Number of protein chains: 4
Amino acid sequence: MTEIILRKQPRQARARASCAAIREAAARILVQGGAGALNTNAVAEVAGVSVGTLYQYYPSKEAILAEMIREMRGAMLADLERARDATEGSDLRATVRLLVAASLDHHRRDPAGAEALERAEAALPMDGETADLKARIGALVIGVLQRHGIAAAAQAAQDLSAMTQGMAQAAVTAGEADFDALAGRISRAAIGYLESGCN
Amino acid sequence: MTEIILRKQPRQARARASCAAIREAAARILVQGGAGALNTNAVAEVAGVSVGTLYQYYPSKEAILAEMIREMRGAMLADLERARDATEGSDLRATVRLLVAASLDHHRRDPAGAEALERAEAALPMDGETADLKARIGALVIGVLQRHGIAAAAQAAQDLSAMTQGMAQAAVTAGEADFDALAGRISRAAIGYLESGCN
Amino acid sequence: MTEIILRKQPRQARARASCAAIREAAARILVQGGAGALNTNAVAEVAGVSVGTLYQYYPSKEAILAEMIREMRGAMLADLERARDATEGSDLRATVRLLVAASLDHHRRDPAGAEALERAEAALPMDGETADLKARIGALVIGVLQRHGIAAAAQAAQDLSAMTQGMAQAAVTAGEADFDALAGRISRAAIGYLESGCN
Amino acid sequence: MTEIILRKQPRQARARASCAAIREAAARILVQGGAGALNTNAVAEVAGVSVGTLYQYYPSKEAILAEMIREMRGAMLADLERARDATEGSDLRATVRLLVAASLDHHRRDPAGAEALERAEAALPMDGETADLKARIGALVIGVLQRHGIAAAAQAAQDLSAMTQGMAQAAVTAGEADFDALAGRISRAAIGYLESGCN
DNA sequence: GATGAATGAGGATTCATTCAT
DNA sequence: AATGAATGAATCCTCATTCAT
């Protein structure tokens, strides 16, 4: 209901540094101890700031996570936009491969962090801005699929995203680190899904 | 570390009824309010028993969830065994379709419950018995794949399971109810994954 | 206030056996886990009876301890009476030595049990019958002291009892097992106390 | 296992006041209702702080008691050191009298509190710092005894301490308030114990 | 802006005791 | 007589959040 936004925009450098430290602390705790270990006192302590300062920038515990998720999804959108632009003129298979690879970029950059955050995301109500980002990611994928003549593009976009996230999750949990190989396997499934129109 | 098991075996009928009521209450709460709403007082109240009774059988909140997960994964194993036995002599495609469909049976029986439980499962440490069940599910899938000459069967089993669970999760969350259609889409991806050996 | 007594006199052999098993279980738990570990469910389980049966004989947890303490103090009174009768005609020193030794008989018979029980006794309100036993023990000591011309015999009896119990407690806690040596040391103190009238 | 220590050092004056209020409240409750009445909610309420504040400084109920005991034993050590320094050159008897009197100083300052705390101490596992304080008290007594040529000084120190504590306990419980008289009686026993080498 | 002490509702868990079978 | 399932008050403890300094 109530939008979860920043309570106050950090203008000064110090303030922005505190904000970042808070998010990094939250990420570290999330990775090490899971969602159950994430509490504002711990975050503040690890971040090296006081609880008061934390609440100066984030109105609630969820707001921290929400911002981290927004950050991750925003980066993912950028990754996908870059990939889409690079696929100008490619065929479906090449396009899918590029998009899938781009979908894993945030995992590549920080496997443990991305995994922990996606896991936490599942248990959280989605805020408006994140919903917007996800909608834009969906629209991007839908657009690409439609350009290649895929019917039921919305359904396909949902399926492919879910498949990608599910397989990535499992792979990272299993300790895999070769994201190219993973992207290859996901792409095979995605292409199979898209090309077997005659199901 | 410590196995999460029943604290005391219910011997009398009344006791078994209490146990069941507790699990059903937990399921209901999980569906309606998510993992965050699941607390022992609420479970006991919804179940119509006292907290004391709850703790007579479950040593902790997690133990209730653990038992529910065990139940679900046990049923899933049975579903898959049934499906595997029915695929005697079928080709890979037919086999995959049957196994994927069987993988969704627990969602079919109780979509909301299965989804909530799988979501909760991700945030919980796995107990030994559940790990065993999952290993047996994995072994079953691996066995089927190997019988059909699939290389890297273990990797494939992990990928297909993750893909199935991810897509099912997303579909149920999106409100889909047609599990045959869903099974079809998952099967297309799975078959694509398995047949494009030349990737 | 309300006298803590047996709820029902056990008449049959089986009943008496249950009563004894309960007290023995309580003793074992007290020794192994301290007063904090003593709870009726645990006692019943160790005793091999149901809680219901326990409450058939003991109206409360305290009642079990109270009976155990009464038993111990009753035995102690008997030990002291025997010792007093044996000191007929002895001088003060010999008398003191015998009485001190007798005061340790219950520790001799069950060092760990006696220590645990005395420790528990300190934290419990005293029931009437135990108060009576202690009064009779006090009177016995006072009588002996008076017969030997000790002034302020009541005061002395209190002091000697406290000294004996304190030193015995510390010795058993320290792992001593030679109760003759201990009795000797206590006797030296006691005799010193009694003979230095000119302090 | 885990040391029972302060969870967080109180830095501000307000915090130190809260800490003190908590310990004073605990002492009051201990005196009035015994160890059984000591619970964190009651302590917080009597102290005029919230439970949360209590747990900010003490990780558990036991930690409060542990700190109180440390305080008491620390004061006792100081009392004994002062007394030992004052006995420079005195003979054994005078020395014993001074040390015994010093051993009662904490009872003198707060008879009810000291008695309740010593009673509670018996039922508690000893933390490392308290063990250290007790060891130093023991070493002090042993040193004094050795300087006066007492054989088996360690044994004697244990016996004299136990005797002193036992007699003091009983005296305070009996309502005695004349600690000089009490010290005199204890000293008689102690001197008797020490001088009757010919046991 | 920052601090950290304080709050207290919320939730987990235990255990003495009762009572239907 | 015995059983053991059920009760629920009592207690422990956490943690999101506020606010005086």
Side-chain angles (χ1 to χ4, degrees), chain A residues 8 10-12 14-15 18 36-45 49-64, chain B residues 7-8 10-19 36-45 48-62, chain C residues 8 10-12 14-15 18 36-45 48-64, chain D residues 7-19 38-45 48-62:
Chain A
K8 174 191 294 196
R11 312 215 168 169
Q12 304 183 359
R14 183 163 52 139
S18 292
L38 193 78
N39 67 269
T40 51
N41 291 305
V43 170
E45 186 177 315
V49 302
S50 68
V51 239
T53 297
L54 187 155
Y55 275 91
Q56 195 113 132
Y57 297 115
Y58 296 100
S60 73
K61 179 168 83 152
E62 282 71 33
I64 307 173
Chain B
R7 172 176 280 193
K8 176 198 285 196
R11 303 191 184 192
Q12 302 182 1
R14 185 166 50 139
R16 240 170 298 120
S18 294
C19 263
L38 195 77
N39 68 268
T40 51
N41 293 313
V43 171
E45 189 176 12
V49 302
S50 67
V51 241
T53 295
L54 188 156
Y55 276 94
Q56 195 119 125
Y57 300 110
Y58 296 99
S60 71
K61 181 169 69 157
E62 283 72 33
Chain C
K8 174 194 293 197
R11 314 216 166 167
Q12 302 183 359
R14 182 162 55 139
S18 292
L38 194 77
N39 68 267
T40 51
N41 292 305
V43 170
E45 186 178 315
V49 302
S50 67
V51 240
T53 297
L54 187 155
Y55 275 91
Q56 194 112 131
Y57 298 115
Y58 295 99
S60 73
K61 179 167 85 153
E62 281 71 34
I64 307 173
Chain D
R7 171 177 280 195
K8 175 197 287 195
Q9 293 305 325
R11 303 190 185 193
Q12 302 181 1
R14 187 166 49 137
R16 239 169 300 117
S18 294
C19 264
L38 195 77
N39 68 269
T40 51
N41 291 314
V43 171
E45 189 175 13
V49 302
S50 67
V51 239
T53 295
L54 187 156
Y55 278 95
Q56 194 119 126
Y57 300 110
Y58 296 99
S60 69
K61 181 169 68 158
E62 283 73 31

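Labels below follow one simple rule: chain letters A, B, ... track the order of the sequence lines, proteins then strands, and each chain is numbered from 1. It should be emphasised that the depicted structure is a prediction, and the values quoted were computed from it without experimental measurement.
Using a 4.5 Å heavy-atom cutoff, the side chains of Ile64(C) and Leu54(C) are in contact. A 4.5 Å side-chain heavy-atom check between Tyr58(A) and Thr40(A) finds every atom pair outside the cut-off.
Among the nucleotides dA6(F), dT7(E), dT3(F), the one closest to the side chain of Arg14(B) is dA6(F). Considering only the side chain of Ala15(D), dA6(E) comes nearest among dG4(F), dA6(E), dA6(F).
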Treat a base pair as Watson-Crick or G-U wobble with both distances under 3.5 Å, then lay out DNA chain E in dot-bracket form, 5' to 3', with | for cross-strand pairs.
.||||||||||||||||||||
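Rounded to whole angstrom, the span from the CZ atom of Arg16(D) across to the C1' atom of dG4(E) amounts to 14 Å. Between Glu62(C) atom CD and dA16(E) atom P there is a gap of 8 Å when expressed in whole angstrom units. For the pair Glu45(C) CD and dA2(F) C1', the computed distance is 16 Å after rounding to whole Å. Summarising the geometry, the separation between CD on Gln56(D) and P on dT7(E) is reported as 10 Å, rounded to the nearest angstrom. Taking atom CD1 of residue Ile64(C) and atom C1' of nucleotide dA16(E), one finds them 11 Å apart after rounding to whole Å. Rounded to an integer number of Å, the gap from CG of Leu54(C) to C1' of dT17(E) is 11 Å.
Between Tyr57(D) and Ser18(D), the shortest heavy-atom distance links the atoms CE1-CB, 4.5 Å. Scanning both residues, Ala37(A) and Ala42(A), for their nearest heavy atoms gives O-CB, 4.4 Å.
Checking the phosphate oxygens (OP1, OP2) of dA6(F), a side-chain nitrogen or oxygen of Tyr57(B) falls inside 4.0 Å. OP1 or OP2 of dT3(F) sits under 4.0 Å from a side-chain N or O of Ser50(C). Distances shown here put a side-chain N or O of Thr53(B) below 4.0 Å from the OP1 or OP2 atom of dT7(F).
Judged by distance alone, with hydrogens and angles left aside, the side-chain atoms of Lys61(D) form no donor-acceptor pair with the main-chain N or O of Val43(D) at under 3.5 Å.
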Short heteroatom pairs, N/O only, protein and nucleotides 10-12 of chain E, under 3.5 Å:
unit_1	atom_1	unit_2	atom_2	d
dA12(E)	OP1	Lys61(B)	NZ	3.4
dA12(E)	OP2	Thr40(B)	N	2.8
dA12(E)	OP2	Thr40(B)	OG1	2.8

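Gln56(B) contributes atom CD, which lies 8.0 Å from atom CG of Asn41(C) (distance to the nearest 0.5 angstrom).
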